[in-house]
Asks: 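I'd like to ask some things about the structure below.
Any value given below was found using the heavy atoms of this structure, including those in side chains, with hydrogens, waters and symmetry copies removed.
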Amino acid sequence: QVRLAESGGGSVQSAESLRLSCTASGHPDMIGRILCMAWFRQSPGKEREGVAAINPTLGTTFSAVSVKGRSTISHDSAKNTLLLQMTGLKHEDSAMYYCAARTSYCYPGEFDASTYTSWGQGTQVTVSS
């Protein structure tokens with residue numbers, strides 16, 4: 001079992017930046033099986049949507065169209081930490097942000113939440129206009 005814990009959310013003004021973190025913990029063998037980590041977000045009344053994903057062992061990254069050019073996903077393997085740097089935040093970026101992981105690779109344009117086996121509790125991001 002891999003446990004994921006997000007941090008870094010908060011309330012910011014439009015156009016500001018924010019960095020979210022997600023730390024994975026658990027048995028090293030289980031953590032070592034993770035091939036894909038991603039950020040999803042969900043706001044009230046809307047479906048959970050993928051934001052960005054990374055294959056930590058390959059370094060390949062993918063971003064949703066809605067955040068392309070405004071977000072950078074990265075992974076610090078020494079700290080088992082997933083990061084999401086977002087700039088130029090907009091009101092519509094307000095949502096609960098979740099970290100997720102799975103044992104199969106990520107692919108461009110594919111953000112199927114049902115394929116992720118580990119989820120964090122989420123961190124709230126609120127962007128004021």
Asks: Please tabulate, for side-chain N and O atoms in residues 75-84, each donor-acceptor pair with protein atoms closer than 3.5 Å (sequence neighbours left out).
Replies:
{"unit_1": "Asp76", "atom_1": "OD1", "unit_2": "Ala78", "atom_2": "N", "d": "3.1"}
{"unit_1": "Asp76", "atom_1": "OD1", "unit_2": "Lys79", "atom_2": "N", "d": "3.3"}
{"unit_1": "Thr81", "atom_1": "OG1", "unit_2": "Thr23", "atom_2": "OG1", "d": "3.4"}
{"unit_1": "Thr81", "atom_1": "OG1", "unit_2": "Lys79", "atom_2": "O", "d": "2.9"}

Asks: Treating Ile, Leu, Val, Met, Phe, Trp and Tyr as nodes and any side-chain heavy-atom pair under 4.5 angstrom as an edge, say whether Phe62 and Tyr98 lie in one connected cluster.
Replies: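 Per the 4.5 Å side-chain linkage, Phe62 and Tyr98 are not co-clustered.
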
Asks: Atom CD in Gln85, atom OG1 in Thr87: separation rounded to 0.5 Å?
Replies: 7.0 Å

Asks: Using modelled atom types only, decide if a donor and an acceptor are shared between the side chain of Ser71 and the backbone of Lys68 within a distance under 3.5 Å.
Replies: no

Asks: Between Arg19 and Glu6, does any side-chain N to carboxylate O distance fall below 4.0 Å?
Replies: no

Asks: Are any side-chain N or O atoms of Gln42 and backbone N or O atoms of Pro44, one a donor and one an acceptor, separated by less than 3.5 Å?
Replies: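 Checking the backbone N and O of Pro44 against the side chain of Gln42, no donor-acceptor pair under 3.5 Å is found.
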
Asks: State, with a plain yes or no, whether a side-chain heavy atom of Arg41 is found less than 4.5 Å away from one of Lys46.
Replies: no

Asks: Under 4.5 Å between side-chain heavy atoms, hopping through other hydrophobics if needed: is there a path connecting Leu4 to Val51?
Replies: yes

Asks: When rounded to the nearest 0.5 angstrom, what distance separates OG1 in Thr115 from OH in Tyr107?
Replies: 10.5 Å

Asks: Quick one: pull up CZ in Arg3 and CE in Met30 and give me the separation to the nearest 0.5 Å.
Replies: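 One gets 10.5 Å once the value is rounded to the nearest 0.5 Å.
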
Asks: Could you note down all residue pairs passing disulfide bond (SG atoms under 2.5 Å apart) where residues 29-85 supplies at least one of them, sequence neighbours left out?
Replies: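 Matches after skipping sequence neighbours: Cys36-Cys106.
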
Asks: Return the minimal non-hydrogen interatomic distance between Ala64 and Gly50, and the atom names on each side.
Replies: CB-O, 3.3 Å

Asks: Under a 3.5 Å cutoff, is there a donor and acceptor pairing between the side chains of Thr103 and Arg33?
Replies: no

Asks: Find out if a path of hydrophobic residues (ILVMFWY) with successive side-chain heavy-atom gaps under 4.5 Å connects Phe111 to Leu20.
Replies: no

Asks: So Trp39 and Cys22, side chain to side chain contact (heavy atoms under 4.5 Å, CB included) or not? Walk me through it.
Replies: CA-CA 9 Å; Trp39 288 97; Cys22 169; 3.7 Å; yes

Asks: Determine whether Glu49 and Ser66 satisfy the following criterion, side chain to side chain contact (heavy atoms under 4.5 Å, CB included), listing intermediate values before the conclusion.
Replies: CA-CA 10 Å; Glu49 65 167 338; Ser66 58; 4.2 Å; yes

Asks: To check you understand the geometry: which heavy-atom pair defines the closest contact between Ala101 and Met37, and what is its length?
Replies: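 Taking every non-hydrogen atom into account, CB-CG, 4.1 Å.
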
Asks: Using residues 117-129 as the side-chain source, report each donor-acceptor pair under 3.5 Å to any protein atom, sequence neighbours left out, with the distance given to one decimal.
Replies:
{"unit_1": "Trp119", "atom_1": "NE1", "unit_2": "Tyr116", "atom_2": "O", "d": "3.2"}
{"unit_1": "Thr123", "atom_1": "OG1", "unit_2": "Gly9", "atom_2": "N", "d": "3.1"}
{"unit_1": "Gln124", "atom_1": "NE2", "unit_2": "Ala95", "atom_2": "O", "d": "3.4"}

Asks: Examine Ile73 and Leu89 and state if one hydrophobic cluster contains both, with Ile, Leu, Val, Met, Phe, Trp and Tyr joined whenever side-chain heavy atoms are less than 4.5 Å apart.
Replies: yes

Asks: Any link between Leu58 and Ile54 through a network of hydrophobic side chains (Ile, Leu, Val, Met, Phe, Trp, Tyr) touching at under 4.5 Å?
Replies: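 Shared cluster, no.
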
Asks: Dump the intermediate steps for side chain to side chain contact (heavy atoms under 4.5 Å, CB included) on Met96 and Arg48, then the final yes or no.
Replies: CA-CA 9 Å; Met96 185 71 81; Arg48 189 168 295 192; over 6 Å; no

Asks: OH of Tyr105 to CG of Asn55: how many Å apart, nearest 0.5 Å?
Replies: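 If we round to the nearest 0.5 Å, Tyr105:OH and Asn55:CG are 7.0 Å apart.
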
